[in-house]
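Labels below follow one simple rule: chain letters A, B, ... track the order of the sequence lines, proteins then strands, and each chain is numbered from 1. None of these values were measured; they are calculated from a predicted model.
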Number of protein chains: 2
Amino acid sequence: MNTNTQTTRLYHTALSPYCRKVRLVLAEKKIEVELVEERYWEGPPDLKRRNPAGKLPVLRFRGNLLAESQAIVEYLDEAVPAPSLMPQQPLERHEVRRLCAWFDDKFQAEVTRPILNERVWKKITRSGYPDSRIVKDGLRAIKEHMDYLAGLLETRRWLAGNTLSLADFTAAAHFSCLDYISDVDWDRSEALRDWYATIKSRPAFRSVLADQVPGIHPAAHYAELDFG
Amino acid sequence: MNTNTQTTRLYHTALSPYCRKVRLVLAEKKIEVELVEERYWEGPPDLKRRNPAGKLPVLRFRGNLLAESQAIVEYLDEAVPAPSLMPQQPLERHEVRRLCAWFDDKFQAEVTRPILNERVWKKITRSGYPDSRIVKDGLRAIKEHMDYLAGLLETRRWLAGNTLSLADFTAAAHFSCLDYISDVDWDRSEALRDWYATIKSRPAFRSVLADQVPGIHPAAHYAELDFG
C-alpha cells in the first residue's frame with residue numbers, strides 16, 4: 001500500500017450513497033483516488049481517529065483528512081474548480097444545495113435507508129431477514145419522489161437547472177444504490193429514466209458500475225448503459 | 001398581514017434548531033424578518049406548497065421561497081455578504097461545513113431530537129409521556145459531544161477556527177433549544193460555557209432568547225447573559 005501522504009485515498013463502503021457521491025465527484029473532476037473499503041459496522045479502530053464522527057466517507061486529499069460527504073464535494077468543487085459542479089448565482093446555488101439535502105436527508109430517510117437496511121445490510125451483517133412492510137413503504141415513497149423529480153425535469157435539463165451539478169451526482173448516488181438491487185421502476189417516468197441513462201453513461205460512473213458487493217448480485221441492467 | 005411579496009418572512013417553529021439557525025443568521029446580518037409560527041405537526045395546508053419536502057424552516061426572501069436550513073444560510077451568506085460567516089480558503093470552508101453537518105446530523109440524532117422529542121414535542125402534541133431511558137441516553141451523548149467541542153476550543157477561538165462562522169450559529173441553535181429546557185450541564189467545560197456566553201450575548205441572539213413556548217417554561221438562566 002502506498003503510504004505517501006499525498007496519495008488521494010477514499011475510505012468508503014460500496015453501497016453507501018454518501019460514499020458514491022464523493023466517488024462520482026472525484027471521477028468527474030478526474031482526480032485519481034485509491035479506494036479503501038471499510039467494514040465500518042465492525043467498528044475499525046482507525047475510523048474514529050480519521051473522523052471523530054465515526055462515519056464514512058473519509059477522504060485523504062493533499063495531506064488532509066476530510067469528512068461529511070456534502071462538505072467534501074463542496075470543498076472539491078472549490079479546490080479543483082474544473083469542471084464546475086456549482087452554478088454561479090446564489091439563488092441557483094441554493095437550488096443545488098436544497099436538492100442535495102432533499103436526497104441526503106428526506107430521500108435517504110424515506111427510501112434509501114429503509115430499503116438498503118432491509119435488503120442489503122441485514123444480509124451483510126447477518127442480522128435478520130428483511131421486513132417486507134418496511135420495504136413496501138420505501139417502494140411506495142420512491143414513487144412520490146420520482147414524480148416530484150419528473151416534474152422538475154419538465155422545465156430543466158438537469159435536476160437543479162440547466163447545468164450538471166452536485167445535485168445530479170447526489171441523486172444519482174442514491175438511485176445507483178437502489179438500482180444495484182433493482183428497486184427503481186424506471187418505467188414510471190421517461191424523463192427521469194433519460195436523466196439517469198445520461199448521467200450513468202458518463203465516464204465518471206464507471207467505477208460505481210463496476211462495484212460487486214459480495215453475496216449480493218447486481219440487477220441484470222445495473223451496469224448496462226442502454227437500459228431503456 | 002403584510003402581503004407585499006418583498007417582505008422577508010420566515011415560517012418556523014420555536015424550538016427547532018434548524019429554524020433557529022436561520023433566525024440567528026438573519027439577525028447577525030441585520031435582515032429584518034417577519035416570523036410566522038407554523039404548527040407543522042398539524043400539517044398546515046400551505047406547508048407543502050411552500051416547500052414540497054413539507055419541512056420548516058421556509059424563508060421568503062426577495063420574492064423567492066427558500067428551504068433546507070443549511071442551503072438557506074449558505075445562500076444568505078452569498079447574497080448578503082456582510083458580515084461574512086464563511087472563511088475564504090476551501091479547507092477552512094470545509095471545516096465550517098463539516099461542523100454544521102456534525103450538529104445537524106450527528107448531534108441532532110444523538111442529542112437534540114431524542115431529548116426534545118421526549119421532553120417537548122410529546123407534551124406539545126399530547127402524544128404521551130417522556131421515556132426516561134431515551135432522555136438519559138441523550139444526556140449521556142451530550143457529554144461526549146461537549147468534550148469533543150471543548151477539545152476544538154483548546155486551539156481555536158471559535159468552533160471552526162479563529163473567526164465566527166455558520167458553524168457557531170448552527171451549534172448555538174442546537175444548544176439554545178436544549179438550554180431552554182435546562183439540559184446542558186455548562187459546568188462540564190469552561191471553554192464551551194465561555195463560547196456560548198459570548199455568542200449568546202450578541203444582539204443576533206435576542207429574538208431567540210425572547211421565545212416563550214406555551215406550556216413549557218424556559219430554564220431560569222435561559223435568557224441571562226451572564227450565567228457563569
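- Proximity to chain A at a heavy-atom threshold of 4.5 Å picks out B:P52, B:A53, B:K55 from residues 37-55 of chain B, in numerical order.
- Listed by sequence position, the residues of residues 162-174 of chain B in contact with chain A number zero, using a 4.5 angstrom heavy-atom cutoff.
- To the nearest 0.5 Å, the span separating CD on A:E74 from CD on B:Q70 amounts to 8.0 Å.
- Proximity to chain A among residues 24-33 of chain B is not found for any residue, judged by heavy-atom separations below 4.5 angstrom.
- Proximity to chain B is limited to the side chain of A:D105, based on heavy atoms less than 4.5 angstrom apart.
- Among residues 78-94 of chain B, the residues having any heavy atom closer than 4.5 Å to a heavy atom of chain A are, in sequence order, B:E78, B:A79, B:P90, B:L91, B:R93, B:H94.
- The closest side-chain heavy-atom distance from A:R97 to B:E68 is not below 4.5 Å.
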